[in-house]
Number of protein chains: 2
Amino acid sequence: MDKTHALTAFGALSQPTRLDVLRLLIRAGDTGMAAGEIATALGARQNTMSANLGVLMQAGLIRNARQGRSIRYFADLEGLRGLLAFLMEDCCGGNPAACQPLLDTITCPS
Amino acid sequence: MDKTHALTAFGALSQPTRLDVLRLLIRAGDTGMAAGEIATALGARQNTMSANLGVLMQAGLIRNARQGRSIRYFADLEGLRGLLAFLMEDCCGGNPAACQPLLDTITCPS
DNA sequence: TCCATATATCATGAAGTATTGATATATGGC
DNA sequence: GCCATATATCAATACTTCATGATATATGGA
């Protein structure tokens with residue numbers, strides 16, 4: 001994850017529909033969702049959603065796989081990890097003491 | 001941190017100069033940097049930088065404090081934490097098992 | 001009060017981005 | 001091969017964002 005890639009990813013996440021898509025796909029987990037399902041679930045038109053899925057793909061935040069006539073999309077948690085690590089790297093590299101409490105509060109509630 | 005706030009923050013981070021500013025201020029730590037210093041360090045013009053600092057302020061990613069004639073800016077780690085927690089919340093809520101390895105890799109290298 | 005320094009705001013033009021209707025491509029079933 | 005379904009691409013318009021020159025505001029010192 002270099003700076004250019006991070007910028008692309010942040011840009012992808014700075015649009016309401018796309019942020020919704022990523023959250024939806026994270027919840028969908030390994031099952032993923034077909035492009036059409038996603039569009040229906042979020043009340044977006046087919047071609048608009050296709051364009052937005054393309055942006056998220058480009059950003060490395062989602063993946064896809066054809067399944068019959070549909071194309072299923074999945075959250076790319078590895079891509080998300082890379083983005084967060086990019087921010088954390090800056091934080092920890094420059095100021096570990098101030099950074100640690102920040103990380104401590106980000107934990108799975110389970 | 002609601003969705004609207006997260007969108008503003010992601011938008012703020014999707015611009016090269018602003019991403020550089022945040023990284024710079026994170027490294028500067030509690031000392032912070034004056035607006036003019038930041039502009040000089042990143043090779044940006046005064047008013048352009050002022051506008052970009054305003055965007056980061058609006059997004060809750062940096063803070064400022066007047067010090068004499070200068071205004072010093074600081075990274076707002078609490079704001080950054082809120083943004084990351086917003087993403088993590090989605091992740092952990094929907095898929096704790098897949099999410100944990102992601103969190104495990106984000107640790108301070110120190 | 002006057003001047004110099006430091007930063008913010010305003011108005012404008014240029015560039016990028018989103019959405020849309022229309023159309024194209026790809027897959028599966030008959 | 002033909003049709004229906006599913007998704008992607010294209011071209012155009014509207015919208016937003018960015019950087020800039022010019023100007024305004026605020027602070028400190030003489």
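Each chain gets a letter, A, B and so on, in the order the sequences are listed, and its residues count up from 1.
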Over how many whole Å does the gap from [X] atom [atom1] to [N] atom [atom2] extend?
X       : N      : atom1 : atom2 : result
B/Met49 : D/dC18 : CE    : P     : 13 Å
B/Ile38 : C/dA8  : CD1   : C1'   : 14 Å
A/Leu42 : C/dA18 : CG    : P     : 16 Å
B/Ile62 : C/dT7  : CD1   : P     : 13 Å
B/Leu7  : D/dT17 : CG    : P     : 11 Å
B/Arg72 : D/dA26 : CZ    : P     : 22 Å
A/Gln58 : D/dA8  : CD    : P     : 14 Å
A/Ile71 : C/dT25 : CD1   : P     : 15 Å

Query raised in the report: So do the side chains of A/Leu87 and B/Arg23 get within less than 4.5 Å of each other, counting heavy atoms only?
Result: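 They are not in side-chain contact.
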Query raised in the report: Does the side chain of A/Gln15 reach to within under 4.5 Å of the side chain of A/Val55, using non-hydrogen atoms?
Result: no
I want to check one thing: is the phosphate of [N], taken as OP1 and OP2, less than 4.0 Å away from some side-chain N or O of [X]?
X       : N      : answer
B/Gln46 : D/dT20 : no
B/Asn52 : D/dA19 : yes
B/Arg18 : D/dC18 : yes
B/Gln67 : C/dA6  : no
B/Tyr73 : C/dA6  : no
A/Thr48 : C/dT20 : yes

Report task. Report the residue (B/Gly68 or B/Gly11) whose heavy-atom-nearest nucleotide on DNA chain D is the more 5′ of the two. Result -> B/Gly11
Query raised in the report: If you pin A/Asn47 and A/Ser70 to their nearest nucleotides in DNA chain D, which one's is more 5'?
Result: A/Ser70
Query raised in the report: Between A/Phe74 and A/Ala65, which heavy-atom pair has the shortest distance, and what is it?
Result: CE1-CB, 4.0 Å
Query - Side chain of A/Arg45 (C-beta onward), nearest among C/dG21, D/dA19, D/dT7 - result: C/dG21
Query raised in the report: Starting at the 5' end of DNA chain C and moving along, which residue's nearest nucleotide shows up first, A/Arg66 or B/Leu53?
Result: B/Leu53
Query raised in the report: For DNA chain C, whose closest nucleotide is more 5', that of A/Gln15 or that of A/Arg69?
Result: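 Upstream on the strand: A/Gln15.
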Measure the [atom1]-[atom2] distance between [X] and [Y] for me, rounded to the nearest 0.5 Å.
X       : Y       : atom1 : atom2 : result
A/Leu77 : A/Ile62 : CG    : CD1   : 12.0 Å
A/Arg72 : A/Arg63 : CZ    : CZ    : 12.0 Å
A/Leu53 : A/Leu22 : CG    : CG    : 11.0 Å

Requested in this report: Tell me what B/Ala34 touches on the nucleic acid: a base, only sugar-phosphate, or nothing, going by heavy atoms under 4.0 Å.
Outcome: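 Counting heavy atoms under 4.0 Å across all strands, the contact made by B/Ala34 is with sugar-phosphate only.
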Report task. May I ask you to say what B/Ala44 touches in the nucleic acid, namely base, sugar-phosphate or nothing, with a heavy-atom cut-off under 4.0 Å? Result ->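 No contact at all - B/Ala44 keeps every heavy atom at 4.0 Å or more from the nucleic acid.
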